[in-house]
Enquirer: 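First the structure, then my questions, so here it is.
Count residues from 1 along the sequence. Below, each value reflects all heavy atoms present in this structure, side chains not excepted, and no hydrogens, waters or symmetry copies.
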Amino acid sequence: VRPGLIGTCVGSGVKSVCGLERVSQRCRWRAGIVSTVASMGSFSAGWDRNSMGKNAVHSRTRFQETLLDSNTTHPDVIPIYGFFPGEHFRQWLEEQGGSTRGWLERVDFDPAKPGSLVLVPKCLDNNISLDCVVLGLGTQEDASLAWWHYGALPGKLPPGAYSLDASGNLPVDKNRAHLAWILGSYSFATYYKSKRGGTEKLPVLSTEMSESTQHMAAAYFLTRDLINIPASDMGPAQLEVAASELASEFGASMKVVQGDDLLSQNFPQIHAVGRAARPDTDQAPRLLDLSWGDSGKSIVLVGKGVTFDTGGLDIKPATGMRLMKKDMAGAAQVLGLASLIMSMNLDCRLRVLVAAVENSIGGDAFRPGDILTARNGKTTEVDNTDAEGRLILADCLTYACESNPDLVIDCATLTGAQRVAMGTDIAGVFSNRATILSRLQHIGEDLSDPVWSLPLHRPYRKELDSTVADLKNCGASGYAGAITAALYLQEFLVKDPTWIHVDFMGYNSAARPGRPEGGEAMGIRALFAFIREFIESPE
């Protein structure tokens, strides 16, 4: 068989020629085994904005349609071999037939090129089929991130059933490789027909996958879906439905404080930020309060749920407003994290607080120069209405502390300054406990889920000084914006609980293996591992 007769994929490019369709046809197993894009990417046949939150919760396990039970015999499972350069690859190559070795030489396969991919054919009785797939993982310097390359395979391989560890010698962590495959199969196609076509089949994975990996994947899918749904279909009411569905699934309790009840129940800053967004409709601001578990340590997750951020009267420019459907990514992430904690049945008392608002423009919008009184009685002079996230989180943090929790974690797409400092891939984290911060960062490094510590530098607190109120909502100089935002939040902690603040992008601006462009959970694996360790520690 000469190179070029069937499709090959080398590096990031794909070379397709006539024989690829013949391989694809032979890889289409009996009806019902291989999933379709329609079931993968779309969680509703049509859509009703009032059901979008419910659908996101119920469809978070749709990736299971791309998995085959490894205990069931499938005669044509195609092995995928991943290699770093070195002795293992050379030994494997020597064990292969001459046609395989010749093919890899002819296409100049180099395992040192990360993500390089070759489809190796076989020919029996004049029928061409796919014998195996060979994947380059890069050099050992790239080893900590090599598992992500398995996330590119669902989008590059022809239809069929595949195995990542057929040889029993997977060169990367098996659970991470499985997670990468699932995350790479993610598609958000509710509003359009996928580019792959509504009837074309996708590759599936034959494996025995751990429950923890599947629960983690479901948390990612939920977080991604909630962020990706546009604000026209994911307002405060729809975010409430998502939280309520999650609570119902796990037997959790759920309370909602909405509209003017926020004033009577002392959540004035949540009300102020959200009151301009049609308060008599489902856009009315609200506090979502979910509780689960009756034993163990008390963990409170707080999420910024600004379902769309115009900037308020200090309106954003068009380029700054374009992606502001993602300004509720903090809420999406804590709901994804909560689903993971409850699915794994961690021994804790979990509480999730989400301030769900739209920062809109209207006659009742809060204004620059207004002075707001927060739940803890501190007053804030509004220096900029586009620094609204910290205002709603302030009420949530004070409320969270009133139950004397062991740990409070808030997640928010809070500042552009954090992205300037660290880029879009790394979540910035702050804490009032140095040892906690160090441990969380170390866990993130071990899991290739990076979070990076930033200081609560107290001398910068003077940036928030106001001549007419206790503090302003943003710094005067414009410098150290992520730090001054975190310092503002710290002002609303009561009784000094153990606290972690996560400032993150919540969005992949470009596609990479396992991480398609769009909404993203960032630091969620590190946070979950930290929470589990925190719960199990004797202190």
Enquirer: Is a side-chain donor or acceptor of D364 paired with a backbone partner of A276 at a separation under 3.5 angstrom?
Expert: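 Between the backbone of A276 and the side chain of D364 there is no qualifying donor-acceptor contact (under 3.5 Å).
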
Enquirer: What about the rings of F63 and F221, do their centers lie closer together than 6.0 Å?
Expert: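 Aromatic pair counts; centres sit under 6.0 Å.
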
Enquirer: Taking N473 for its side chain and V382 for its backbone only, find out whether a donor-acceptor pair lies under 3.5 Å.
Expert: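 Judged by distance alone, no pair lies under 3.5 Å.
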
Enquirer: Could you list the residues that satisfy side chain to side chain donor-acceptor pair (under 3.5 Å) with E445, not counting sequence neighbours?
Expert: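 E445 satisfies side chain to side chain donor-acceptor pair (under 3.5 Å) with no other residue.
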
Enquirer: Are the side chain of D449 and the backbone N or O of G523 linked by a donor-acceptor pair below 3.5 Å?
Expert: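 Between the backbone of G523 and the side chain of D449 there is a qualifying donor-acceptor contact (under 3.5 Å).
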
Enquirer: Atom CG of D282 and atom CD of E240: how far apart are they, to the nearest 0.5 Å?
Expert: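 Those atoms lie 10.0 Å apart.
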
Enquirer: Just how far is it from atom CG of L353 to atom OG1 of T398, taken to the nearest 0.5 Å?
Expert: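 It is 11.0 Å, given to the nearest 0.5 Å.
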
Enquirer: Between Q269 and L391, is there a donor-acceptor pair closer than 3.5 Å when you use the side chain of the first and the backbone of the second?
Expert: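 Side chain of Q269 to backbone of L391: a pair is present.
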
Enquirer: Any chance you could lay out the salt bridge (charged side-chain N to carboxylate O under 4.0 Å, His left out) test for D225 and R62, step after step, and finish with the verdict?
Expert: CA-CA 12 Å; D225 280 346; R62 62 184 183 273; 2.7 Å; yes

Enquirer: Taking atom CG of L471 and atom OG1 of T379, what is their separation to the nearest 0.5 Å?
Expert: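 The distance works out to 7.0 Å.
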
Enquirer: Step by step, would you call H149 with V172 a side chain to side chain contact (heavy atoms under 4.5 Å, CB included)?
Expert: CA-CA 10 Å; H149 294 302; V172 299; over 6 Å; no

Enquirer: R461: what forms a salt bridge (charged side-chain N to carboxylate O under 4.0 Å, His left out) with it, not counting sequence neighbours?
Expert: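 So R461 forms a salt bridge (charged side-chain N to carboxylate O under 4.0 Å, His left out) with D465, E491.
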
Enquirer: Treating D410 as the side-chain partner and V302 as the backbone partner, does any N or O pair qualify as donor plus acceptor under 3.5 Å?
Expert: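 Absent.
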
Enquirer: I need the minimum non-hydrogen distance between A482 and F430, along with the two atoms involved.
Expert: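 Minimum heavy-atom separation between A482 and F430: O-CZ, 3.5 Å.
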
Enquirer: Among T385, D314, I315, exactly one meets side-chain contact (heavy atoms from CB on, under 4.5 Å) together with I361. Which residue is that?
Expert: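 That would be I315.
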
Enquirer: Report yes or no: does S438 contribute a side-chain atom to a donor-acceptor pair with the main-chain N or O of A434 at less than 3.5 Å?
Expert: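 Looks like no, no N/O pair under 3.5 Å.
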
Enquirer: Consider only side-chain N and O atoms of R525 and Y220, and report whether a donor and an acceptor are under 3.5 Å apart.
Expert: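 Result is yes, a qualifying pair exists.
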
Enquirer: Main chain of S244, side chain of K54: is a donor-acceptor contact present, judged purely on distance under 3.5 Å?
Expert: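 Such a contact is absent between K54 side chain and S244 backbone.
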
Enquirer: Side chains of S537 and K297: is there a donor and an acceptor less than 3.5 Å apart?
Expert: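 A pair is found: one side chain offers a donor N or O, the other an acceptor, under 3.5 Å apart.
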
Enquirer: Does S453 offer a backbone N or O that forms a donor-acceptor pair with the side chain of Q441 under 3.5 Å?
Expert: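 Yes.
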
Enquirer: Scan T310, N359, D386 and name whichever one has a side-chain hydrogen bond (donor to acceptor under 3.5 Å, both in side chains) with K316.
Expert: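 Option passing the side-chain hydrogen bond (donor to acceptor under 3.5 Å, both in side chains) with K316: D386.
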
Enquirer: Please collect all side-chain hydrogen bond (donor to acceptor under 3.5 Å, both in side chains) contacts where either partner lies in residues 476-486, sequence neighbours excluded, each pair once.
Expert: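 For residues 476-486: E463-S477.
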
Enquirer: Compare every heavy atom of G506 with every heavy atom of M522, then report the nearest pair and how far apart it is.
Expert: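 Closest pair (atom of M522, atom of G506, distance): SD-N, 3.5 Å.
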
Enquirer: Measuring from atom CD1 of I531 to atom CD of E536, what distance do you get when rounded to the nearest 0.5 angstrom?
Expert: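 Between I531 CD1 and E536 CD, I get 12.0 Å after rounding to 0.5 Å.
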
Enquirer: With rounding to the nearest 0.5 Å, note down the distance linking CZ in R515 to OG in S509.
Expert: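 Rounded to the nearest 0.5 Å, the CZ-OG separation comes out at 11.5 Å.
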
Enquirer: What pair of heavy atoms forms the shortest contact from R275 to D370, and how long is it?
Expert: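 That would be NH2-OD2, 4.2 Å.
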
Enquirer: Okay, side chain of R60, backbone of G336: is any donor-acceptor separation there less than 3.5 Å?
Expert: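 No; zero donor-acceptor contacts below 3.5 Å.
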
Enquirer: Between A247 and S253, what is the shortest heavy-atom contact and its length?
Expert: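 In this case the closest contact between A247 and S253 is CB-O, 4.4 Å.
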
Enquirer: Decide if atom CG of D496 counts as having more than 12 heavy atoms of other residues, nucleotides or ligands within a radius under 6.0 Å.
Expert: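 Yes - once you tally the heavy atoms of other residues, nucleotides and ligands closer than 6.0 Å, there are more than 12.
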
Enquirer: Which residue pairs pass the ring-ring contact (aromatic ring centres under 6.0 Å, His included) test with at least one member in residues 389-411, sequence neighbours excluded?
Expert: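 Output for this query lists F267-Y399.
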
Enquirer: Using the test ring-ring contact (aromatic ring centres under 6.0 Å, His included), find all partners of F366 that sit at least two apart in sequence or belong to another chain.
Expert: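 For F366 there are no ring-ring contact (aromatic ring centres under 6.0 Å, His included) partners, ignoring immediate neighbours.
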
Enquirer: Looking only at non-hydrogen atoms, find the nearest pair between C348 and I341 and report the distance.
Expert: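 Shortest heavy-atom separation between C348 and I341 comes out as SG-CG2, 3.9 Å.
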
Enquirer: Once the angle between the rings of W499 and H501 is folded into 0 to 90°, is it parallel (under 30°), tilted (30 to 60°) or perpendicular (over 60°)?
Expert: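 Parallel: the ring planes of W499 and H501 meet at under 30°.
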
Enquirer: Under a 4.0 Å threshold between the charged nitrogen and the carboxylate oxygen, would R419 count as salt-bridged to D503?
Expert: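 Salt bridge: yes.
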
Enquirer: Can Q238 and D233 be counted as having a side-chain donor-acceptor contact under 3.5 angstrom?
Expert: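 Side-chain D/A pair, Q238 to D233: absent.
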
Enquirer: Taking atom types as modelled and ignoring hydrogens, do the side chains of Y488 and T380 form a donor-acceptor contact shorter than 3.5 angstrom?
Expert: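 Present: a donor and an acceptor within the cut-off.
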
Enquirer: Say you draw a straight line from CG of L262 to CZ of R286; how long is it, rounded to the nearest 0.5 Å?
Expert: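 CZ of R286 is found 9.0 Å from CG of L262.
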
Enquirer: Does the pair R512/E520 count as a salt bridge with the N-to-O cut at 4.0 Å?
Expert: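 Result for this pair is no, no salt bridge flagged.
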
Enquirer: Search all heavy atoms of I229 against all heavy atoms of A56 and return the closest pair with its distance.
Expert: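 Answer, listing the atom of I229 first, then A56: CD1-CB, 4.4 Å.
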
Enquirer: May I ask you to check whether over 12 heavy atoms, not counting those of F250, lie within 6.0 Å of atom CZ?
Expert: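 For F250, atom CZ is crowded (more than 12 foreign heavy atoms under 6.0 Å).
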
Enquirer: Can a salt bridge be assigned to the pair D327 and K304 using a cut-off of 4.0 Å between side-chain N and carboxylate O?
Expert: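 Yes, D327 and K304 are salt-bridged.
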
Enquirer: Can you tell me if D309 uses its side chain to pair, donor with acceptor, with the backbone of M324 under 3.5 Å?
Expert: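 No: the side chain of D309 does not pair with the backbone of M324.
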
Enquirer: Using side chain to side chain donor-acceptor pair (under 3.5 Å) as the criterion, list what pairs up with D446, not counting sequence neighbours.
Expert: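 Once residues adjacent in sequence are excluded, the partners of D446 under the side chain to side chain donor-acceptor pair (under 3.5 Å) criterion are H442.
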
